[in-house]
There are 2 protein chains.
Amino acid sequence: MNRARTSHAKEQRRQALLDAALDEFFEKGYTAARMDDIASRAGVSKGTVYLYFKSKEQVFHGLINSIASPKIQELEVVLHSAGSAKEALQMLFRIMPMIVAHSPMPKLAKVLIGDCNAFPEVVCHYRQQVIDRGIGAITQLLEAGKRSGELQVADADLTARLVIAPMIYAAIWRVVFEIGVEQPLNVEALFELHDSMIIKALSAD
Amino acid sequence: MNRARTSHAKEQRRQALLDAALDEFFEKGYTAARMDDIASRAGVSKGTVYLYFKSKEQVFHGLINSIASPKIQELEVVLHSAGSAKEALQMLFRIMPMIVAHSPMPKLAKVLIGDCNAFPEVVCHYRQQVIDRGIGAITQLLEAGKRSGELQVADADLTARLVIAPMIYAAIWRVVFEIGVEQPLNVEALFELHDSMIIKALSAD
DNA sequence: TGTATATTACTGACTGGTCAGTTATTTTAA
DNA sequence: TTAAAATAACTGACCAGTCAGTAATATACA
């Protein structure tokens, strides 16, 4: 392998190792994933991995931290930029299928679920930095819509959970049941339907 | 350990081993779970496990097959017994929190998600025997409601997925994020809200 | 410019520990 | 006494992590 000499090249190599680790952890789970395989998937030898990470556990930590956290801030900004609550919800329902189909989120979710008991601190941190903030942003949006009379919302926190539930469902579905299946779930249609049903359910009678 | 002599006692022991395996697989994942720990959790030594199962993999297969499959038939019967589609949905939304809070389903789901890539045949079988039948039963229910004019349903299959999504969400939530947390998710309230929102979303305008 | 020396990214064989599965032996109940 | 049931010591494969060695690049100096 070519040497990574500049600090930029090293950062690239670190990222290549994390990409390889995501795929290996996703396919085999944390315990069954082999450092040798992560290394060769990134095009280096095992020893090199230990130049970039102290241990297998640190690779895992690095992986979780590299994904999702930055994305949540984007989400918060986007939702605040909307003119109305319904508009914000519609933006959300256009983002969701993209997250499910074109981001590493489903793979990461699978890894996190599968190995959550081995890394309780990681789960706790992830929950605070990603999940709670995501739910919080949607809760705020719903409460703003309620205040303006635009939406009928009984319990904003629970409603926020019902809003995101299909994204969790779709992510799990893709990753667990859609490996080499002829007819994949129509994610766009699912979220269009979810959109219309949520809007109807939250509109004034 | 006392000897299991009668075939009944043997069946009990087999079940005790499967119970122990569920807890171990749930806590550690398939690969990291140790046969020694499964054995001692069931109160026997490792060698005894091999009197009841040919291998670790067979323990896993036995575990998946022992759960859920029988439950789905119950569900199908219950849903058919309802007088109307709305009534059937309401029964469903009363069953869901019980499944999430008082059945092994969340633990099993976590295990299945975490190790799905190691056991593609198990996933395929489980999907056909449990998931597809569950979705199918709800799809039928929705289509019956549509035919009778009771419900407005655009796409019964996708709607069925939106109906069950919060159960998946709640199951994952409990198992991943609710280990030793002060304020657990109010599952009953979640499904009450889901019920009212779904009914409103599917009612004629 | 070319050559000697120093640096460092990288490699892969090795070690120590772990664990699935086996088997020789012991226990128990009929 | 004997046969089934259970045990525990054992084996061999596997793998995380280490480290002595290699080679590519940088630096120093003529």
Side-chain angles (χ1 to χ4, degrees), chain A residues 1-63 111 114-115 117-119 122, chain B residues 1-63 111 114-115 117-119 122:
Chain A
M1 193 57 180
N2 283 344
R3 266 122 202 270
R5 297 184 298 99
T6 67
S7 67
H8 174 69
K10 283 188 187 176
E11 188 42 51
Q12 275 198 162
R13 172 138 303 168
R14 199 187 121 92
Q15 191 54 53
L17 285 166
L18 289 178
D19 291 348
L22 175 59
D23 287 338
E24 287 295 324
F25 288 153
F26 169 68
E27 282 178 20
K28 316 248 183 73
Y30 176 79
T31 308
R34 291 154 69 233
M35 292 298 266
D36 255 320
D37 291 342
I38 293 174
S40 62
R41 198 186 268 260
V44 297
S45 68
K46 185 165 69 158
T48 301
V49 182
Y50 287 90
L51 299 174
Y52 290 82
F53 299 93
K54 233 180 105 287
S55 64
K56 192 181 185 184
E57 203 174 317
Q58 287 303 311
V59 175
F60 188 85
H61 282 94
L63 175 63
V111 170
D115 293 301
N117 290 312
F119 300 100
V122 172
Chain B
M1 192 59 181
N2 282 344
R3 265 117 210 277
R5 296 183 300 97
T6 67
S7 68
H8 174 68
K10 283 187 186 177
E11 189 42 50
Q12 275 198 165
R13 175 141 301 171
R14 199 187 122 92
Q15 192 53 54
L17 284 166
L18 289 178
D19 290 348
L22 175 59
D23 287 338
E24 288 296 324
F25 288 153
F26 169 67
E27 281 177 20
K28 317 250 182 72
Y30 176 77
T31 308
R34 292 154 69 232
M35 292 296 267
D36 257 318
D37 291 342
I38 293 173
S40 63
R41 199 186 267 260
V44 297
S45 66
K46 185 168 67 162
T48 301
V49 182
Y50 287 89
L51 300 174
Y52 291 82
F53 299 94
K54 233 180 105 283
S55 64
K56 191 181 185 182
E57 203 174 318
Q58 287 304 312
V59 175
F60 188 85
H61 281 95
L63 175 62
V111 170
D115 294 300
N117 290 312
F119 299 101
V122 172

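These values consider heavy atoms only, across backbone and side chains, with no hydrogens, waters or symmetry-generated copies. Fair warning: this is a prediction, and the values are worked out from it, not measured in the lab.
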Item to check | Interatomic spacing from CG in L18(B) to CZ in F53(B) - rounded to 0.5 Å | outcome: 4.0 Å
Checklist entry - Shortest non-hydrogen contact from F25(A) to A33(A)? => result CD2-CB, 3.5 Å
Checklist outcome for this item: L17(B) and I38(B) have their tightest heavy-atom pair at O-CG2, 3.9 Å
Checklist entry - Can you tell me how far CD of E24(B) sits from CG of D19(B), rounded to the nearest 0.5 angstrom? => result 12.0 Å
Checklist entry - Run the side chain to side chain contact (heavy atoms under 4.5 Å, CB included) check on M35(A) and Y50(A) step by step: do they pass? => result CA-CA 9 Å; M35(A) 292 298 266; Y50(A) 287 90; 3.4 Å; yes
Next on the checklist: Could you report the tightest heavy-atom contact between Y52(B) and K10(B), atom names first, then the distance?
Outcome noted: CE2-O, 3.5 Å
Checklist outcome for this item: Note: contacts of residues 18-27 of chain A with DNA chain D (heavy atom, under 4.0 Å) are none
Checklist entry - What is the distance, rounded to the nearest whole Å, between atom CE of M35(B) and atom P of dC10(D)? => result 21 Å
Checklist entry - With respect to the side chain of R13(B), which nucleotide from dA6(D), dT7(D), dA20(C) is positioned closest? => result dA6(D)
Checklist entry - Looking only at heavy atoms, which two atoms of G62(B) and R14(B) are closest? And how far apart? => result CA-NH2, 4.4 Å
Item to check | Evaluation steps, side chain to side chain contact (heavy atoms under 4.5 Å, CB included), between D37(B) and K28(B) | outcome: CA-CA 11 Å; D37(B) 291 342; K28(B) 317 250 182 72; 3.3 Å; yes
Checklist outcome for this item: Taken to the nearest whole Å, CZ/R3(A) to C1'/dA26(D) is 12 Å
Item to check | Cationic tip of K56(A) above Y30(A) ring, under 6.0 Å, 45° of axis | outcome: yes
Checklist entry - In whole angstrom, what separates E11(B)'s CD from dA5(D)'s P? => result 14 Å
Item to check | Within residues 48-61 of chain A: residues closer than 4.0 Å to DNA chain C (heavy atoms) | outcome: T48(A), L51(A), Y52(A)
Checklist outcome for this item: Here the distance between atom P of dC19(C) and atom OH of Y30(B), to the nearest Å, is 14 Å
Checklist entry - Which whole-number value in Å describes the distance from D36(B) CG to dT18(C) C1'? => result 11 Å
Checklist entry - A39(B) near the nucleic acid: base, sugar-phosphate alone, or nothing, with a heavy-atom cut-off under 4.0 Å? => result nothing
Checklist entry - Reckon K46(B) touches a base, only the sugar-phosphate, or nothing at all at heavy-atom distances under 4.0 Å? => result base
Checklist entry - R34(A) has an atom CZ; how far is it from atom P of dC15(D), in whole Å? => result 4 Å
Next on the checklist: Does A33(B) reach a base, just sugar-phosphate, or nothing at all? Heavy atoms under 4.0 Å.
Outcome noted: sugar-phosphate
